[in-house]
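Values below: all heavy atoms of this structure, side chains included; hydrogens, waters and symmetry mates excluded. Just so you know, these numbers come straight off a predicted model, no measurement behind them.
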Amino acid sequence: MAEDYPADGARPRRRGRKLLIGLFVLLLVVAGLLVVADRVAVGVAERMIADRVRQEITKQGAQSAEPGVEVAGTPFLTQVLDGRYQRITINLRDVQAPVEGDVVRLSVLDVDARNVRASLDTLRTGQGDIVADTVNGTGTISYDSLAALLNRPGLTLGEQNGKLAVTAPVDILGRKLTVSGTADVTVADNGAVALRFNDLDAAGLPNLPLARVLLNNYAKGISIDVPLPDLPFQLAVREVRPLPEGLAVTADAKNVPINSVS
């Protein structure tokens with residue numbers, strides 16, 4: 001007996017719905033694969049940049065923990081095709097850099113590169129420059145390494161009410177005293193950190209003009225321009241600011257090859 005079909009064509013509609021559902025599932029799978037491919041490509045680029053940064057830091061005679069790199073912006077693959085990236089951040093920890101026979105320690109150095117240009121061939125081969133229109137860096141210099149550059153036994157530095165504070169043992173007119181006070185901290189023309197101790201005092205200081213002269217001479221002796229190591233990515237220091245955890249340094253640069261920090 002011949003099979004009867006509904007007059008309204010329900011069977012074809014069911015087949016049409018199955019086809020649409022199948023197509024939708026296929027699109028979801030393709031989209032998922034594209035997302036995975038996009039993230040894989042990001043990982044490759046981040047590892048390549050981190051490797052170049054690590055090599056160049058070693059060439060400078062400096063050391064740091066493994067660089068952390070993050071390429072922002074999605075989707076990444078469209079940025080690759082365009083050869084321009086919104087933002088790349090590079091995080092360095094425990095940086096130790098030589099300066100005049102001593103070592104300056106930066107507990108952290110965060111670098112933010114914007115409008116980065118890199119060709120597809122550069123990413124593929126690792127050859128060529130990855131150039132950022134602007135690079136901003138923020139770092140923290142430990143007070144211990146800064147105090148070591150002053151080369152005064154027992155001298156310690158810290159932060160007090162937003163200013164650089166100093167404490168040091170001194171011998172004035174045969175008396176062992178403890179000098180304390182604060183300093184003005186600025187950036188010198190040559191990029192060094194300028195320390196100016198204009199407000200020092202010592203409990204028990206003899207009430208004699210010579211004692212005050214000796215204390216002022218000590219203040220002048222530690223009021224120096226402290227050179228900083230060459231910062232990576234051609235960063236030039238613009239501002240220094242005392243914080244409880246160390247001396248905060250702000251720096252910037254323009255048109256910088258971020259995969260060549262020498």
Side-chain angles (χ1 to χ4, degrees), residues 53 56-57 59-65 67 90-113 134-170 178-202 215-254 256 261-262:
V53 170
E56 295 298 335
I57 287 177
K59 288 181 182 178
Q60 282 187 305
Q63 302 176 26
S64 79
I90 300 171
N91 306 114
L92 300 173
R93 297 291 182 271
D94 302 322
V95 180
Q96 300 182 37
V99 53
E100 296 187 354
D102 289 301
V103 174
V104 171
R105 292 177 172 83
L106 290 86
S107 58
V108 59
L109 178 60
D110 293 328
V111 179
D112 185 24
T134 61
V135 176
N136 295 295
T138 56
T140 305
I141 301 175
S142 72
Y143 287 126
D144 286 344
S145 64
L146 188 62
L149 297 178
L150 296 180
N151 195 28
R152 297 296 176 113
L155 183 145
T156 60
L157 297 173
E159 180 269 345
Q160 178 180 317
N161 298 324
K163 301 197 73 173
L164 181 66
V166 62
T167 301
V170 295
T178 299
V179 168
S180 61
T182 59
D184 294 324
V185 185
T186 59
V187 180
D189 293 338
N190 60 358
V193 176
L195 307 178
R196 298 295 180 264
F197 292 90
N198 300 316
D199 184 23
L200 296 187
D201 207 345
L215 180 59
N216 289 340
N217 287 341
Y218 183 87
K220 291 178 181 178
I222 60 175
S223 295
I224 62 175
D225 291 349
V226 179
L228 294 180
D230 292 334
L231 295 177
F233 315 109
Q234 303 175 15
L235 287 168
V237 178
R238 304 300 180 196
E239 181 185 20
V240 288
R241 186 163 52 97
L243 296 178
E245 59 271 23
L247 191 66
V249 176
T250 302
D252 57 35
K254 294 183 178 181
V256 180
V261 300
S262 58

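- Contact of the V166 side chain with the L150 side chain is not registered, since no non-hydrogen atoms from C-beta on lie closer than 4.5 Å.
- The existence of a salt bridge linking D184 and K163 is confirmed by a sub-4.0 Å separation between a basic side-chain nitrogen and an acidic carboxylate oxygen.
- Here the CG atom belonging to L200 is positioned 8.0 Å from the CG atom belonging to N216, to the nearest 0.5 angstrom.
- Residues L195 and S223 fail the side-chain proximity criterion, which asks for heavy atoms closer than 4.5 Å.
- The minimum heavy-atom distance between G162 and E159, with the atom names listed, is N-OE2, 2.6 Å.
- Between G246 and T140, the shortest heavy-atom distance links the atoms CA-CG2, 3.7 Å.
- Closest heavy-atom contact between I224 and G221: CG2-O, 3.6 Å.
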Q | CA sep, side-chain torsions, deciding dist, call: L228, I141, side chain to side chain contact (heavy atoms under 4.5 Å, CB included) | A | CA-CA 10 Å; L228 294 180; I141 301 175; 3.5 Å; yes
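- Remark: F197 CZ to K220 NZ distance equals 15.0 Å, nearest 0.5 Å.
- In this structure, the separation between CG on L92 and CG on L106 is 9.5 Å, given to the nearest 0.5 Å.
- No more than 12 heavy atoms of other residues, nucleotides or ligands lie within 6.0 Å of CG in N161, so this atom counts as exposed by the packing criterion.
- When all heavy atoms of Y218 and L155 are compared, the pair lying nearest together is OH-CD1, 3.7 Å.
- Residue V240 is tested with L164, T186, V226, V185 for a side-chain contact (heavy atoms from CB on, under 4.5 Å); the sole match is V185.
- A salt bridge links D252 with R238: at least one charged nitrogen is closer than 4.0 Å to a carboxylate oxygen.
- Note that CG of L146 is 12.5 Å distant from CZ of R105, once rounded to the nearest 0.5 Å.
- T250 places no side-chain N or O within donor-acceptor distance of the main-chain N or O of T138, the cut-off being under 3.5 Å.
- Contact detail for S145 and V103: the closest heavy-atom pair is CB-O, 3.7 Å.
- Closest non-hydrogen pair, V135 versus A113, comes out as CG2-CB, 4.2 Å.
- Once rounded to the nearest 0.5 Å, the distance linking CD1 of I222 with CG of L157 reads 8.0 Å.
- Enclosure of atom CG in N217 by more than 12 non-hydrogen atoms of other residues, nucleotides or ligands within 6.0 angstrom is indicated.
- D199 CG to T182 OG1: the interatomic distance, rounded to the nearest 0.5 Å, is 4.5 Å.
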